[in-house]
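Inspection log for the structure reproduced underneath, given as C-alpha cells.
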Amino acid sequence: MPSRHIVLVGAPLDCGKARKGCLMGPDAYRIAGISRALTDLGHEVSDLGNLSPDSNDIPEREGLVNLSETIGWTTALMRTAQEAMQQGLPIFLGGDHALSLGTVPGVAAHAAQEGRPQFVLWLDAHSDFNTLETTTSGNLHGTPLAYATGQSGFDGFPDLPAIVPPGQTCIIGLRSVDLPERALMEQTDVRGYDMRAIDESGVAALLMPFLEDVAKAGGALHVSLDVDFLDPTHAPAVGTTVPGGATVREAHLVMELLCDSGLMTSLDLVELNPMLDERGRTAHLMVDLAASALGRRIFDRPTPRLM
Ligand SMILES: NC(=[NH2+])NCCC[C@H](N)C(=O)O
Ligand SMILES: [Mn+2]
Ligand SMILES: [Mn+2]
C-alpha cells in the first residue's frame with residue numbers, strides 16, 4: 001500500500017453508557033504501540049493527542065445518559081474530523097461508540113466538500129440504530145448510526161453537516177439488535193449482516209459487493225470498528241460482550257480486504273475498556289487489526305491461490 005499520512009486523534013469519551021473505563025482507550029492503544037506499528041509499515045504518523053468535549057448548557061433529559069457531555073463531544077469531534085481529513089487518514093482512538101456521533105458526520109462533511117459520496121462500514125455486534133426516542137437503556141453509544149444516516153429523533157443534537165444515506169452503510173457482525181431499532185432499520189435500505197450470514201457465506205462474500213459499490217461511486221469509506229465485533233474470547237476488554245462474534249481471522253480478513261481495496265479514508269477504534277482487558281491482549285489485537293488495514297501482510301506479492 002502506498003505510504004500515507006496517518007493522523008491519530010485521541011477521543012477519551014466515556015459518556016455513552018454507564019460503565020466507565022473507555023476513557024483509558026487512547027492511551028492503551030498508544031502503549032500497545034499503534035504509532036510504531038504504522039511507521040514500521042512506511043507511513044508517516046502524527047498524534048494530535050487527546051481532545052476534550054466542547055462545553056454547552058444543554059440540560060440533561062430524563063432517561064438519557066449524559067446528554068450534554070455527549071453533545072459536547074459530538075460538536076468537538078465533527079470539527080476535528082473535518083480538520084483531520086485535510087491532513088491525511090485519521091484514526092479516532094476511542095472512547096466509546098458515541099464517538100461516531102461526531103466522526104461520521106465530520107468525515108461526511110469533508111467528502112461532501114470534495115464532491116464524493118461517503119460510505120460507512122460498521123463492524124459491530126450491535127446496529128447502534130436507536131434514536132433518543134427509541135433507546136430503552138438511555139445509552140447514547142447505541143445511537144450513532146441512526147443519527148449519521150439522518151433519522152429523526154435527535155432533538156438537541158446539532159444539524160448534520162452532511163447525511164450518509166442508509167444505502168451507503170453496511171453493518172457486519174450483528175447479533176444483538178433491539179426491536180425498535182430493528183423496526184427503524186427495516187424502513188431503510190441499510191445493509192445489515194448478522195453472524196449467521198458470516199457463517200453461511202464467509203465474511204469476504206459479504207464485504208466485497210459493498211467495496212465494489214464504494215469503488216464504482218468513487219466514494220470515501222469510513223470504517224467503524226467496535227471491539228465487540230470480535231468474539232469475547234479473543235477480545236474481552238469491552239463492556240457489551242455478546243458471545244458468538246467474529247474470530248481473529250475473520251476480523252483480519254476484513255482488514256486485509258479493506259487494505260487491498262485502497263478505499264478506506266478514515267477509521268474509528270471504539271469501545272475498548274482497558275479495565276476489562278487481560279494483560280493488554282485486546283488493545284494489542286485492535287492495533288494488529290489497524291495494521292492489517294494499513295498494509296501489514298506476510299508476503300509483498302499476492303499469495304498464490306488454489307482455485
Ligand atoms: N456501541 C455499543 N456497544 N452499543 C451497544 C448498544 C446496546 C443497546 N442496543 C442499546 O442501545 O443500549
Ligand atoms: Mn457499537
Ligand atoms: Mn457493539
Side-chain angles (χ1 to χ4, degrees), residues 11-23 25 61 63-67 69-70 73-74 77 92-104 120-149 151 153-154 157 164 169-186 190 192-195 198 222-246 250-251 254 267-277 282 285-286 289:
L13 82 173
D14 214 359
C15 50
K17 65 228 165 321
R19 186 193 318 227
K20 297 296 168 208
C22 290
L23 90 169
R61 222 175 292 163
L64 299 177
V65 178
N66 304 321
L67 179 67
E69 186 182 344
T70 305
W73 275 109
T74 300
L77 279 160
F92 301 98
L93 308 174
D96 68 53
H97 221 158
L99 165 157
S100 307
L101 291 159
T103 59
V104 177
V120 174
L121 175 65
W122 202 265
L123 301 167
D124 202 326
H126 309 93
S127 42
D128 295 342
F129 218 82
N130 275 303
T131 69
L132 307 190
E133 319 282 319
T134 66
T135 175
T136 49
S137 65
N139 294 333
L140 297 175
H141 72 161
T143 66
L145 201 51
Y147 177 58
T149 56
Q151 310 305 309
F154 283 91
F157 274 80
V164 179
T169 66
C170 176
I171 316 173
I172 299 182
L174 290 171
R175 54 202 189 277
S176 171
V177 180
D178 303 334
L179 284 177
E181 62 178 333
R182 188 177 84 186
L184 183 57
M185 234 190 317
E186 281 172 346
V190 50
Y193 297 113
D194 59 10
M195 289 306 302
I198 298 184
H222 179 80
V223 178
S224 205
L225 172 61
D226 184 322
V227 170
D228 68 35
F229 171 62
L230 291 146
D231 191 83
T233 54
H234 311 302
V238 64
T240 48
T241 49
V242 192
E250 285 163 338
V254 169
L267 172 66
D268 300 326
L269 301 179
V270 296
E271 293 286 338
L272 178 71
N273 183 339
M275 278 299 275
L276 305 175
D277 212 353
T282 311
L285 175 54
M286 291 291 278
L289 290 171

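Order of listing sets the numbers, starting from 1, for every ligand and every atom in it. Here, residue 1 is the first one in the sequence, and each next residue gets the next number.
At a 4.0 Å heavy-atom cut-off, ligand 1 touches Asp128 through the side chain alone. The residue Val270 has no part lying near ligand 1, judged by heavy-atom distances below 4.0 Å. Looking at His141 against ligand 1, both its backbone and its side chain come within 4.0 Å, counting heavy atoms. Counting heavy atoms under 4.0 Å from ligand 1, residue Lys17 does not touch it at all. With a 4.0 Å cut-off on non-hydrogen atoms, Val238 does not touch ligand 1 at all.
In terms of polar-atom proximity, Glu271 is counted as a contact of ligand 1, with an N or O under 3.5 Å from an N or O of the ligand. Considering backbone and side-chain atoms alike, Asn139 places every N or O at 3.5 Å or more from each N or O of ligand 1.
Only protein N, O or S atoms were considered, and those under 2.8 Å from the Mn ion (ligand 2) are His97 ND1, Asp124 OD2, Asp128 OD2, Asp226 OD2.
The side chain to side chain contact (heavy atoms under 4.5 Å, CB included) test with Thr143 is passed by exactly one of Thr134, Thr70, Thr131, Asn130: Asn130. Looking at Asp178, Leu145, Val242 one by one, the single match for side chain to side chain contact (heavy atoms under 4.5 Å, CB included) with His126 turns out to be Val242.
Among protein heavy atoms, the minimum distance from atom 10 (C) of ligand 1 is reached at Ser137 OG, 3.5 Å.
Against a heavy-atom cut-off of under 4.0 Å, Asp178 is close to the following atoms of ligand 1: 8 (C), 9 (N), 10 (C), 11 (O).
For Tyr147, the ring pair (Phe, Tyr, Trp, His ring centres under 6.0 Å) criterion is met by Phe154, Phe157, not counting sequence neighbours.
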